[in-house]
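Working notes, beginning with the structure itself.
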Amino acid sequence: MNPDLDGAFDAIEETSPLVNCITNAVTVNDVANAALFWGGLPVMSDDENDVVDMVAGADGLLLNMGTTDEAGVETMLAAGRSAMDHDVPIVLDPVGVGATPARDETARRLTTDLDIAVINGNYGEITALAGETADVRGVESVGDYSEIARDATAVAADTGAVVVASGATDVVATADRAFEIEAGHELMGRFVGTGCMQGVTQAVFAGAVAETLDAVLAGTLAYGRAGERAAAGAYGDFEGPASYRTAFLDAIAGLAAAEAAPDEERITELD
Ligand SMILES: Nc1ncnc2c1ncn2[C@@H]1O[C@H](COP(=O)(O)OP(=O)(O)O)[C@@H](O)[C@H]1O
Ligand SMILES: Cc1ncsc1CCOP(=O)(O)O
Ligand SMILES: [Mg+2]
């Protein structure tokens, strides 16, 4: 199957979803531009005095815990409560969970206290959230994860979120369904920030498309398609990962106008 990418792009164009991002200091600019290039409106409010009101009028909230400190967790919780009060979907990127006890505790608090709509993490992070042995070094997933669909499903059942486990093949799971998405390119794993940008992609799509699972399948496929089109040179030559990154951002900006839908089916529902 393939999701309705054209319908998703139309919904984004109609909504121009405002997405408040509380995100890490490393990739913040890429996250803002990815949201803007999809057709969303990014704002990076992260002061508790401001963010509660900002989220009240927003269409999505991204909580990326890559460089969060103790005060930042409290701000995320306040922003998350505001999102819940106003039916704003929350996307969690549990960066580095599994690497240290502090990150495990942050993820536990966020997933326990908040109703998260989407969790988008790499294979190692999703496996750690499932309570299984994971090898997360810093923010990087290392190791083999042959049970990733099972573990993503367990996290979905535990939290009620639609779960995206990113890797060479992305897995999307709810409590009772799981999908594999064949899209993307190996170059996407060669620079910092593709996971973070995938997180904000989910927030833009979930802020515009009515059903969260539809939004996530469309957003995940669209994101991979942008990576493929950039790798194919559709946005100019590149010399290495840094110039590929620029082409990739251009591909995000151009995807809605391009032939976004692949000819062949890219999403397989697992038994
Ligand atoms: N080898 C690969 N082939 C295809 N896509 C990839 C590959 N490596 C990473 N990606 C894509 O890059 C994005 C970020 O994934 P990942 O590298 O797992 O996240 P993170 O940066 O958080 O560790 C995802 O969309 C994923 O599908
Ligand atoms: C390197 C690093 N350290 C803390 S957050 C961060 C960025 C992680 O980005 P991504 O998850 O997209 O690789
Ligand atoms: Mg990541």
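Since we're looking at a predicted model, the values are computed, not measured. Numbering of ligands and ligand atoms starts at 1, following listing order.
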Query raised in the report: Hey, mind stepping through N24 and N64 against side chain to side chain donor-acceptor pair (under 3.5 Å) and telling me if it holds?
Result: CA-CA 6 Å; N24 69 68; N64 174 311; 3.1 Å; yes

**Report entry** Nearest-contact summary for atom 27 (O) of ligand 1 - protein heavy atom, Å
**Finding:** D170 OD1, 2.7 Å

Query raised in the report: Going by the order shown, which atoms of ligand 1 are within less than 4.0 Å of some heavy atom of S166?
Result: 15 (O), 16 (P), 18 (O), 19 (O), 24 (C)

**Report entry** Test log, rule side-chain contact (heavy atoms from CB on, under 4.5 Å), inputs L92 and V118
**Finding:** CA-CA 6 Å; L92 171 65; V118 183; over 6 Å; no

Query - Distance-only N or O hit between ligand 2 and G193, under 3.5 Å - result: yes

**Report entry** Per-atom contacts of ligand 1 with G184, taking only distances under 4.0 Å to non-hydrogen atoms
**Finding:** 4 (C), 5 (N)

Query raised in the report: How are the rings of Y123 and Y145 set relative to one another: parallel (under 30°), tilted (30 to 60°) or perpendicular (over 60°)?
Result: perpendicular

Report summary line: Of all protein heavy atoms, the one nearest atom 6 (C) of ligand 2 is V26 CG2, 3.7 Å

Requested in this report: Distance to 0.1 Å, residue and atom name: give those for the protein heavy atom nearest to atom 21 (O) of ligand 1.
Outcome: G195 N, 3.3 Å

Requested in this report: Quick one: look at T194 and ligand 1, take heavy-atom pairs under 4.0 Å, and tell me if it's side chain, backbone, both or neither.
Outcome: both

Report task. Answer with yes or no whether G167 contacts ligand 1, where contact means a heavy atom under 4.0 Å from a ligand atom. Result -> yes

**Report entry** Criterion side-chain contact (heavy atoms from CB on, under 4.5 Å) on M1 and L217, from CA distance to verdict
**Finding:** CA-CA 10 Å; M1 62 175 277; L217 290 174; 4.0 Å; yes

Report task. Look only at interatomic distance and state if N122 has a nitrogen or oxygen under 3.5 Å from any nitrogen or oxygen of ligand 1. Result -> yes

Query raised in the report: Which option, E186, R190, M188, owns the non-hydrogen atom nearest atom 2 (C) of ligand 1?
Result: E186

**Report entry** Region of Y123 that comes within reach of ligand 1 [heavy atoms, distance under 4.0 Å]
**Finding:** neither

Requested in this report: Considering heavy atoms of the protein only, find what lies nearest to atom 4 (C) of ligand 2 and give residue, atom and distance to 0.1 Å.
Outcome: G66 O, 3.4 Å

Query raised in the report: Looking at side-chain heavy atoms only, is the closest gap between D30 and R245 below 4.5 Å?
Result: yes

Report task. Can you pull out the closest protein heavy atom to atom 3 (N) of ligand 2? Residue, atom name and distance to 0.1 Å, please. Result -> V139 CG1, 3.7 Å

Requested in this report: Determine whether T106 and V73 make a side-chain contact, defined as any pair of heavy atoms from C-beta on separated by less than 4.5 Å.
Outcome: yes

Query raised in the report: Between E125 and ligand 1, which part of the residue brings a heavy atom under 4.0 Å of the ligand: side chain, backbone, both or neither?
Result: neither

Query raised in the report: Can you find an N or O of C196 that's nearer than 3.5 Å to an N or O of ligand 2?
Result: yes

Query raised in the report: Taking a hydrophobic cluster as the set of Ile, Leu, Val, Met, Phe, Trp and Tyr residues connected by side-chain heavy atoms closer than 4.5 Å, whether directly or through intermediates, do V164 and L114 fall within one such cluster?
Result: no

Report task. Examine the proximity of ligand 2 to T194 and report which part, side chain or backbone, both or neither, has a heavy atom under 4.0 Å away. Result -> backbone

Query raised in the report: Are any of the N or O atoms of G195 closer than 3.5 Å to those of ligand 2?
Result: yes

Query raised in the report: When you look at M84 and I90, which way does the side-chain contact (heavy atoms from CB on, under 4.5 Å) test go after all the steps?
Result: CA-CA 8 Å; M84 288 159 66; I90 304 172; 4.1 Å; yes

Requested in this report: Compute the ring centroids of Y223 and F248, then answer whether they are less than 6.0 Å apart.
Outcome: yes

**Report entry** Residue, atom name and distance, where the atom is the protein heavy atom closest to atom 7 (C) of ligand 2
**Finding:** V192 CG1, 3.8 Å

Query raised in the report: Heavy-atom distance under 4.5 Å between the side chains of W38 and V200, does that happen here?
Result: no

Report task. Check step by step if side-chain contact (heavy atoms from CB on, under 4.5 Å) holds for V136 and V97. Result -> CA-CA 7 Å; V136 180; V97 69; over 6 Å; no

Requested in this report: Below 4.0 angstrom from a heavy atom of Q198, which ligand 1 atoms are there? Numbered from 1 as shown, please.
Outcome: 24 (C), 25 (O)

Query raised in the report: How far does CZ of R177 sit from CG of D271, to the nearest 0.5 angstrom?
Result: 12.0 Å

**Report entry** E140, any N or O under 3.5 Å of ligand 1 N or O
**Finding:** no

Requested in this report: Would you please test Q202 and D93 for side chain to side chain donor-acceptor pair (under 3.5 Å) and show each step?
Outcome: CA-CA 10 Å; Q202 309 301 357; D93 186 338; over 6 Å; no

Query - Residue H185 vicinity, atoms of ligand 1 by number, heavy atom under 4.0 Å - result: 2 (C), 3 (N), 4 (C), 5 (N), 6 (C), 7 (C)

